[in-house]
Protein chains: 2
Amino acid sequence: MGQVSVRDVARHAGVSVGTVSNALNRPDSVSPDALARVRASIGELGYVRNEAARNLRSGVTASIGLIVVDSQVPFFQDVGRGAADEAADRGIALLYGSSAEDPARERMYLDLFEEHRVRGLLIAPVGDVSRRLHQLRERGIRSVLVDRFSGEEPVSSVSVDNVAGGRMAVEHLLATGRRRIAFVGGPLTLRQVTDRLAGARVAADESGLPVSVEVVATETTSVAAGVAAGERLLAREPADRPDAVFAANDLVALGLLQAIVGDGRLRVPEDVAIMGFDDISFAAAAAVPLSSMRQPSTTIGATALRILLEESEDPDTIPRQTVYQPELVVRRSTVASA
Amino acid sequence: MGQVSVRDVARHAGVSVGTVSNALNRPDSVSPDALARVRASIGELGYVRNEAARNLRSGVTASIGLIVVDSQVPFFQDVGRGAADEAADRGIALLYGSSAEDPARERMYLDLFEEHRVRGLLIAPVGDVSRRLHQLRERGIRSVLVDRFSGEEPVSSVSVDNVAGGRMAVEHLLATGRRRIAFVGGPLTLRQVTDRLAGARVAADESGLPVSVEVVATETTSVAAGVAAGERLLAREPADRPDAVFAANDLVALGLLQAIVGDGRLRVPEDVAIMGFDDISFAAAAAVPLSSMRQPSTTIGATALRILLEESEDPDTIPRQTVYQPELVVRRSTVASA
DNA sequence: GAACGACCTTGAAACGTTTCATCGTTCGTT
DNA sequence: AACGAACGATGAAACGTTTCAAGGTCGTTC
């Protein structure tokens with residue numbers, strides 16, 4: 001396989017290799033004549049820059065790593081898409097990895113990406129990676145946390161204000177006349193879940209209304225968990241049932257919807273309102289379109305990538321937290337006429 | 001930033017750089033004593049192999065590229081996950097790109113990945129890339145087509161038998177007593193769509209029953225297109241309505257389901273059965289769980305990756321087509337008691 | 001007409017690996 | 001005791017690029 005090198009181009013164009021390199025990277029510093037000849041030769045010979053050699057010599061890599069918790073979760077897919085598109089615009093390749101909620105797998109990707117000397121790392125961590133990220137940073141690889149508030153750590157982060165989101169969600173339910181609210185989700189060790197619940201309680205407390213907020217804990221935030229929780233609610237005495245359910249995310253909400261609508265005894269939203277979180281694309285496509293709190297998922301990915309690039313260019317920038325506010329999206333699962 | 005190189009390790013362990021390299025890549029050819037010293041030094045110094053230098057010198061890259069049509073389509077997400085997991089097991093990084101149905105974007109990723117000298121390419125093409133893939137192959141980069149039968153081209157492919165899938169879907173509908181079948185999907189220029197339709201017609205023809213197969217064309221295979229098609233069906237005179245709908249994919253089917261169930265006049269499956277294709281994870285989570293044709297999406301991705309690696313190791317292998325058979329998954333949208 | 005800048009170009013060094021021909025030891029055989 | 005195979009270790013060359021000090025060629029200025 002005859003790989004065409006910068007040397008071949010130089011010979012063909014009748015210039016030195018240094019000039020070819022300049023034509024490629026600093027076209028202004030090359031005479032129009034030489035530039036044209038180099039470009040013609042590149043076309044004729046089919047030269048394609050070797051990124052490995054470029055990286056090796058210059059120390060600058062044109063790739064970044066993305067490690068998400070679960071590639072099956074729509075939210076992370078959107079984040080990834082936002083980051084990938086933003087990277088593509090800059091000619092940067094995205095190394096993709098999913099930890100599948102397995103800390104060992106997460107470490108494996110961290111190692112792999114370090115070997116590739118990625119310019120930086122976008123990560124939604126599952127295990128405790130703060131020491132490792134610190135180490136990477138000392139070795140010149142910056143990280144930005146995604147969907148996680150870094151707070152104490154010396155790392156930038158891009159996330160959503162889950163407390164505010166929970167609060168807005170429940171304020172909406174209260175404003176539409178609901179008073180017996182069930183929060184469905186879990187595990188309650190997950191920061192995103194507890195923040196949303198905390199926000200829900202704030203809304204209830206500050207309303208000055210006689211509101212109850214009951215917690216129906218699930219083991220995961222999945223459709224199946226939502227279905228199971230829905231069946232538990234249906235098995236209750238009618239008087240004990242909530243008149244609104246706030247789900248920790250849309251997957252749980254869709255599960256609830258399936259259980260309740262499928263059962264047929266309760267109408268949504270007349271008998272019970274259902275509120276989700278994330279506004280994944282399937283939320284609007286549900287049998288009863290789902291009200292939800294929209295997260296700017298692709299924007300989160302794009303912003304995280306931009307911050308990462310800025311920081312990797314100037315290693316002295318200090319970490320910062322970017323927090324987006326979620327947005328209420330009202331559909332028929334909470335308001336019949338929506 | 002003090003990058004630790006193989007030279008530093010050699011010095012620290014009291015051996016030559018060649019021995020360090022051997023310890024890393026051919027541990028059997030190094031004496032136990034030297035091996036131990038090298039490994040100790042690696043740990044102590046925090047040495048991390050530089051993949052760019054390795055790649056440059058050896059000509060072997062530890063990364064492959066994946067280009068999908070649309071990162072929003074669940075099917076491709078599953079394919080990508082299958083490929084990524086398989087790659088991770090081998091310590092290979094996955095460069096991820098989505099063409100977003102834009103041929104220019106697709107070309108951009110092809111160029112980018114060539115610069116990275118990926119070992120090979122997994123691609124679900126949108127534009128006409130056969131010439132480009134041929135060129136890449138001559139330059140040592142093999143490709144495997146995903147979700148596309150290569151047929152004429154000298155490229156391997158991994159796909160699903162869409163004709164058989166369409167046939168099995170309609171056979172199921174006929175077996176459950178349906179006779180007036182509507183096929184909903186589009187555009188009819190898309191091979192996957194026309195194959196599924198062709199299969200549907202085969203089933204109808206071969207059944208020997210008085211069956212009608214009507215085509216309701218949509219512009220895309222999306223939830224929105226499904227909703228629109230559903231509304232069109234509802235607007236018809238009851239006598240003109242089909243008793244079963246076979247959707248080109250699950251997104252369309254979910255749209256149909258939303259329109260029909262939401263409307264409330266028709267019951268699913270009593271009045272109309274709905275059959276999807278792909279068996280995406282949300283199919284089971286729909287208000288009325290959706291019958292569908294399951295594609296082994298992650299297996300497709302994993303297989304494509306394996307084939308790619310085999311071919312890139314031995315450039316003389318001849319391209320082959322791998323075709324999987326889809327599998328009928330019966331749920332309540334076609335059979336009330338399922 | 002000499003001196004000076006401005007502007008391009010040059011060519012060798014360097015990046016961190018792997019490769020490979022060569023060299024030293026050791027040990028079993030004769 | 002001599003030989004040779006087997007085994008490990010060595011170190012310089014090479015991969016394809018970027019970088020950079022140095023050199024070359026003009027035109028301008030005094």
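Protein chains get the first letters and strands the later ones, always in sequence-line order, with residue 1 at the start of each.
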- Which part of the nucleic acid does Ala34(B) contact within heavy-atom distance under 4.0 Å: base, sugar-phosphate only, or nothing? sugar-phosphate
- Less than 4.0 Å between a side-chain N and a carboxylate O, is that true for Arg306(A) and Asp89(A)? no
- Task: Starting from C1' on dT19(C), measure out to CG on Leu24(B) and report it in whole angstrom.
- Result: 14 Å
- Round to the nearest Å and state the distance from Arg37(A) atom CZ to dC8(C) atom C1'. 12 Å
- Message: Between the opening five pairs and the closing five pairs of the helix from dG1(C)-dC30(D) to dT30(C)-dA1(D), how far apart are the helix axes, to 10°?
- Response: 50°
- Distance-only, no hydrogens or angles: does the Arg117(B) side chain make a donor-acceptor pair with backbone N or O of Arg49(A) under 3.5 Å? yes
- Query: Pick the nucleotide of DNA chain D nearest each of Asp28(B) and Leu56(B); which residue has the one closer to the 5' end?
  - Reply: Asp28(B)
- Task: Inspect the contact between Asp111(B) and Arg107(B) and indicate whether a charged nitrogen and a carboxylate oxygen are less than 4.0 angstrom apart.
- Result: no
- Cationic N near anionic O, under 4.0 Å, Glu153(A) to Arg137(A): no
- With a 4.0 Å cut-off, would you call Arg132(A) and Glu114(A) a salt bridge? yes
- Item | Which atom of His116(A) lies closest to which atom of Thr61(A), heavy atoms considered | O-CG2, 3.9 Å
- Item | Most 5' of Val48(A) and Val30(B) on DNA chain D, judged by nearest nucleotide | Val30(B)
- Query: Counting distance only, does the side-chain N/O of Glu106(A) pair as donor-acceptor with the main-chain N or O of Val126(A) below 3.5 Å?
  - Reply: yes
- Message: Pairing donors with acceptors under 3.5 angstrom, does anything connect the side chains of Ser150(B) and Gln321(B)?
- Response: yes
- Identify the 5'-most and 3'-most nucleotides of DNA chain D with at least one atom closer than 4.0 Å to a non-hydrogen atom of chain B. dG8(D) to dG16(D)
